[in-house]
Amino acid sequence: MKLKKFYKKIQQNKVKYFFGSKDIYKYLTVKYKKFFFKDSSILELGCGNLENYKHLQKFKYKKYTAVDWINFDQKINDKRLVKKIIPIEKYLKISKEKFDLIFLVGTLEHFGKPLNLLSLIKKRLNKNGKIILTYVNYYNPRGLVLLTLKNLLNMQVSLSDKYEYAPNELENLMKKLKFKKISSKSIRHTAGYKDLAFKDLEQRLPKVIKNIDKKRVQTFIKNFKSYSKIYNPNKYSGQIMIIDAKL
């Protein structure tokens, strides 16, 4: 599959990829450290190669179950860690285990029917269990450029993202499922309208718009930078949205 090959190229440093998740995990372990409480049972859906697990090992949870459909053969010496190589939806449907905390980093946007997935996730949470969701946010200058190409010109702007959440959409879905104390915040603003956004668009646009003149891309980036200087940031300016809630 194209996506699997892409992930492997990233792992082998054959592709310039500006959006790792190290900063997200670091943020979660500071902002939500009370969620990783002693003797808790944790489920991560879409764990990838577990390169960021090291940021979580300091917490004294009882068990950490990591699920993904790709096996990166990452060797980690931690008896608390249980790896499940299986599609996420399939795991949620067949598993009977419940957890105190379930979290997903950059996973939810890979599914076309988020309400179905959230319903399955809810069934795997203990009473008073916590959930943390992070997803790619397109409601910033960089994202709107890509949405324009996708929606108006039918161009493939991402190999993995199948769903772009509108502001408050996910929060409203979670309310429908009776989640409580829902809060949200965007992070990684540099990728929404600053340096990281410039680098990504400069590399991504020639791949999305085939045979485009490089001078046109450079002119666009110049104008994009000019606009970014006067852009007024808001709650959705960051390239990553983080939502947490309680069952």
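Keep in mind that what you see is a predicted model, and the values were worked out from it rather than measured. By convention here, the first residue in the shown sequence is residue 1.
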Of all residues at least two apart in sequence or in a different chain, which pass the side-chain hydrogen bond (donor to acceptor under 3.5 Å, both in side chains) check with Lys122? none

Kindly write out the residues that satisfy side-chain hydrogen bond (donor to acceptor under 3.5 Å, both in side chains) with Asn116, not counting sequence neighbours, or none if the list is empty.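 Applying side-chain hydrogen bond (donor to acceptor under 3.5 Å, both in side chains) to Asn116 gives none.
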
With [X] via salt bridge (charged side-chain N to carboxylate O under 4.0 Å, His left out) - residues at least two apart:
X: Asp195; value: none
X: Glu164; value: Lys150
X: Lys63; value: Glu97

Okay, side chain of [X], backbone of [Y]: is any donor-acceptor separation there less than 3.5 Å?
X: Tyr236; Y: Ala166; value: no
X: Arg80; Y: Gln57; value: yes
X: Lys210; Y: Lys207; value: yes
X: Asp200; Y: Leu196; value: no

Is the number of heavy atoms from other residues, nucleotides or ligands within 6.0 Å of CG (Asn223) greater than 12?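 Yes - once you tally the heavy atoms of other residues, nucleotides and ligands closer than 6.0 Å, there are more than 12.
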
If you count heavy atoms of other groups shown closer than 6.0 angstrom to NZ of Lys235, is the number above 12?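 Atom NZ in Lys235 is packed in, count exceeds 12.
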
Sole residue of Val105, Leu56, Ile187 in side chain to side chain contact (heavy atoms under 4.5 Å, CB included) with Leu28: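 Result for side chain to side chain contact (heavy atoms under 4.5 Å, CB included) with Leu28: Val105.
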
Any side-chain heavy-atom pair of [X] and [Y] under 4.5 Å:
X: Leu170; Y: Leu108; value: yes
X: Asn49; Y: Asp68; value: no
X: Arg188; Y: Ile24; value: yes
X: Val217; Y: Leu201; value: no
X: Leu205; Y: Leu149; value: yes
X: Arg204; Y: Leu146; value: yes
X: Lys83; Y: Cys47; value: no
X: Lys98; Y: Lys123; value: no

Shared ILVMFWY cluster between [X] and [Y], side chains joined below 4.5 angstrom?
X: Ile240; Y: Val30; result: no
X: Leu81; Y: Phe37; result: no
X: Ile121; Y: Val82; result: no

Going by the rule side chain to side chain contact (heavy atoms under 4.5 Å, CB included), which residues pair with [X] if we only count those two or more places apart in sequence or in a different chain?
X: Phe59; value: Thr29, Lys33, Phe36, Tyr61
X: Pro141; value: Tyr193, Phe224, Tyr227, Tyr231
X: Arg216; value: Ile212, Asp213
X: Lys22; value: Lys26, Asn52, His55

Quick test of your reading: applying side chain to side chain donor-acceptor pair (under 3.5 Å), list the pairs with at least one residue in residues 124-138, sequence neighbours left out, ordered by first then second residue. Asp100-Asn126, Tyr138-Asp161

Ring centre gap for Phe35 and Phe103 strictly below 6.0 Å: no

Stepwise side chain to side chain contact (heavy atoms under 4.5 Å, CB included) test for Phe220 and Ile209: CA-CA 13 Å; Phe220 174 80; Ile209 311 171; over 6 Å; no

From [X] atom [atom1] to [Y] atom [atom2], the distance as rounded to the nearest 0.5 Å:
X: Ile131; Y: Leu118; atom1: CD1; atom2: CG; result: 6.0 Å
X: Lys178; Y: Leu247; atom1: NZ; atom2: CG; result: 12.0 Å
X: Thr190; Y: Gln239; atom1: OG1; atom2: CD; result: 10.0 Å
X: Leu173; Y: Leu117; atom1: CG; atom2: CG; result: 11.0 Å
X: Ile243; Y: Phe179; atom1: CD1; atom2: CZ; result: 11.0 Å
X: Ile76; Y: Glu51; atom1: CD1; atom2: CD; result: 10.0 Å

Where [X] and [Y] come nearest, the two heavy atoms and their spacing:
X: Ser184; Y: Met241; value: CB-CE, 4.0 Å
X: Ser237; Y: Asn234; value: OG-N, 2.5 Å
X: Ser186; Y: Gly238; value: OG-N, 3.1 Å
X: Arg142; Y: Ala197; value: CB-CB, 3.9 Å
X: Phe99; Y: Ser41; value: CD2-OG, 3.2 Å
X: Ser228; Y: Phe198; value: OG-CE2, 3.7 Å

Distance alone, cut at 3.5 Å: any donor-acceptor contact between the side chains of Glu44 and Tyr64?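 Yes, because at least one side-chain N or O of Glu44 sits under 3.5 Å from a partner of the opposite role on Tyr64.
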
Residues passing the ring-ring contact (aromatic ring centres under 6.0 Å, His included) test with Tyr27, sequence neighbours excluded, are none

Using distance only, find each side-chain donor-acceptor pair of residues 84-92 under 3.5 Å and give its atom names and separation, not counting sequence neighbours.
none

